[in-house]
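Quick note: numbers below take in every heavy atom, side chains included, and nothing from hydrogens, waters or symmetry partners. Computed from a predicted structure; not experimentally measured.
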Amino acid sequence: MDFVEFWTLCSANEIILDTEQIDQFKRFHKELLYWNEKVNLVSRKDMDNILERHFIHSLSILKYLEIRNKARVLDIGTGGGFPGIPLSIAQPKAHYLLADSIAKKIKLTEMFAKHTGNRLVTTYKGRVENLVDDSNYLDHFDIITARAVTRTHKLIEYSEKLLKPGGMYYLLKGGDLTEELEITKELYPRAKFKVISIDFRGVDWFKKEDKKILVVKHVK
């Protein structure tokens, strides 16, 4: 996939990007390829498929869900910046905090974010549980995102105090979620759940790999 196809497929799935945003994705892609040879940010086997398996995978959230202007978004376990950086390029008017406990990864992610030119993106090095100790972040975020970080009930346990009442989790997951959902529903009976099977027109990979978005509205 090249960037012309990437742009076209995004448009076909109602994710509209302008030329400046495409240029930002190109720069992010170039830097990700370079630094991934030195620090393992994404799987080596995905290096030829970054546009669909990392950029579009992250952006698939915006096909189905909304991130409003001025919303505060926490991306847990962002790694090389996923899904946080692609989301911040596509919706640059929200505020993003990208968090990861691995120093090498978050240092590079901070650089990637700065090079997009979006001043509403910041980073945090450390475990997300430690953010709870900072009163500035309690009941602070409208949305929490994560991609294949940990099981849902654990993620909520670590981060629920950071989410505003009625806030939402947008979690990129895959495979059979039956057991995971049963455990989470038992522990958080007031929460509301929705599972979205990703169907991205023009990209069969999501269906083949059974990729999903788990939406959780957490009621404290």
Side-chain angles (χ1 to χ4, degrees), residues 1-7 9-10 13 15 17 21-63 67 73-92 96-118 121-128 143-152 155 169-175 198 200 202-214:
M1 181 183 292
D2 60 21
F3 273 96
V4 173
E5 186 179 3
F6 168 75
W7 197 354
L9 288 172
C10 286
N13 288 274
I15 299 170
L17 304 170
Q21 289 168 313
I22 292 297
D23 286 342
Q24 290 172 327
F25 274 113
K26 287 179 178 178
R27 180 164 187 173
F28 181 25
H29 182 259
K30 182 179 180 180
E31 293 182 349
L32 189 62
L33 287 175
Y34 175 80
W35 285 104
N36 203 63
E37 295 296 323
K38 306 175 187 303
V39 178
N40 187 26
L41 298 168
V42 299
S43 173
R44 295 286 197 272
K45 65 182 180 181
D46 282 348
M47 293 305 289
D48 294 331
N49 301 293
I50 287 174
L51 297 186
E52 58 261 53
R53 297 186 184 182
H54 297 280
F55 288 7
I56 288 178
H57 191 200
S58 300
L59 293 175
S60 66
I61 289 172
L62 297 178
K63 176 174 180 175
I67 296 179
V73 182
L74 171 63
D75 185 25
I76 296 176
T78 191
F82 299 102
I85 290 180
L87 291 175
S88 73
I89 294 173
Q91 168 43 308
Y96 300 84
L97 178 62
L98 313 183
D100 203 283
S101 61
I102 300 175
K104 288 182 180 179
K105 289 185 178 182
I106 202 64
K107 185 176 181 180
L108 287 172
T109 298
E110 181 178 15
M111 181 188 73
F112 298 152
K114 284 182 178 178
H115 289 173
T116 68
N118 188 340
V121 181
T122 56
T123 59
Y124 172 77
K125 183 186 75 67
R127 298 180 65 84
V128 71
I143 297 167
I144 292 178
T145 62
R147 185 174 75 150
V149 173
T150 188
R151 290 166 73 84
T152 301
L155 192 69
Y169 288 91
Y170 296 167
L171 308 178
L172 290 170
K173 291 183 170 289
I198 300 175
F200 205 90
V203 184
D204 294 333
W205 180 77
F206 296 107
K207 282 188 174 181
K208 289 179 180 177
E209 296 297 320
D210 198 17
K211 295 297 182 182
K212 300 179 174 75
I213 305 169
L214 174 59

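- The two atoms that bring Gly202 and Leu9 nearest to each other are CA-CD2, 3.7 Å, heavy atoms only.
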Let me see the working for Leu172 and Phe82 under side-chain contact (heavy atoms from CB on, under 4.5 Å), right down to the final yes or no.
CA-CA 10 Å; Leu172 290 170; Phe82 299 102; over 6 Å; no
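- Note on ring orientation: taking the six-membered ring where Trp is involved, the planes of His57 and Trp205 are perpendicular (angle over 60°, cut-offs 30° and 60°).
- No close placement of the Phe28 and His115 rings is indicated, their centers lying 6.0 Å or farther apart.
- Expressed to the nearest 0.5 Å, how far CG of Leu74 lies from CD1 of Ile144 amounts to 5.0 Å.
- Remark: the backbone N or O of Ile106 is not paired with any side-chain donor or acceptor of Thr109 at under 3.5 angstrom.
- Put simply, CD1 on Ile56 and CZ on Phe200 are 5.0 Å apart, with the number rounded to the nearest 0.5 Å.
- Between the CD atom in Glu37 and the CG atom in Leu32 there is a gap of 10.5 Å [rounded to 0.5 Å].
- Between Gln21 and Ala90 the shortest heavy-atom distance is NE2-O, 3.5 Å.
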Verify side-chain contact (heavy atoms from CB on, under 4.5 Å) between Thr152 and Lys173, making sure each step is shown before the conclusion.
CA-CA 10 Å; Thr152 301; Lys173 291 183 170 289; 3.0 Å; yes
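- For Tyr96 (side chain) and Leu87 (main-chain N/O), a donor-acceptor pair under 3.5 Å exists by modelled atom type.
- Contact of the Tyr170 side chain with the Val73 side chain is not registered, since no non-hydrogen atoms from C-beta on lie closer than 4.5 Å.
- Of the possible donor and acceptor atoms, none in the side chain of Lys105 sits under 3.5 Å from a partner among the backbone N and O of Leu41.
- Counted within 6.0 Å of CZ on Arg127, heavy atoms from surrounding residues, nucleotides or ligands total 12 or fewer; the atom is thus considered open.
- For the atom pair CD of Glu110 and OG1 of Thr78, the computed distance is 12.0 Å after rounding to the nearest 0.5 Å.
- Remark: Lys125 pairs with no residue by the side-chain hydrogen bond (donor to acceptor under 3.5 Å, both in side chains) rule, at least two apart or across chains.
- Pairing each heavy atom of Leu51 with each of Phe3, the nearest pair is CD2-CZ, 3.5 Å.
- Taking the side chain as every heavy atom from C-beta outward, Val39 and Lys107 never approach each other to under 4.5 Å.
- Annotation: side chain of Trp7 is in contact with side chain of Leu17 (closest heavy-atom distance under 4.5 Å).
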Evaluation steps, side-chain contact (heavy atoms from CB on, under 4.5 Å), between Thr123 and Leu97:
CA-CA 5 Å; Thr123 59; Leu97 178 62; 5.5 Å; no
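- Val121 approaches Ala113 most closely through the heavy-atom pair CG1-CB, 3.6 Å.
- Between atom NZ of residue Lys114 and atom OG1 of residue Thr122 there is a gap of 11.0 Å, rounded to the nearest 0.5 Å.
- Side chain of Asn13 to main chain of Ile15: no donor-acceptor pair is present (N/O by atom type, distance under 3.5 Å, no hydrogens or angles).
- With sequence neighbours left out, Lys211 forms a side-chain hydrogen bond (donor to acceptor under 3.5 Å, both in side chains) with no residue at all.
- Note that CD of Glu52 and OG of Ser60 are 13.0 Å apart. Values are rounded to the nearest 0.5 Å.
- The side-chain hydrogen bond (donor to acceptor under 3.5 Å, both in side chains) test applied to Thr145 returns Asp75, not counting sequence neighbours.
- Nearest heavy atom pair, residue Ile89 against residue Phe25, reads CG2-CE1, 3.5 Å.
- The shortest non-hydrogen separation linking Pro83 to Ala146 is CD-C, 4.5 Å.
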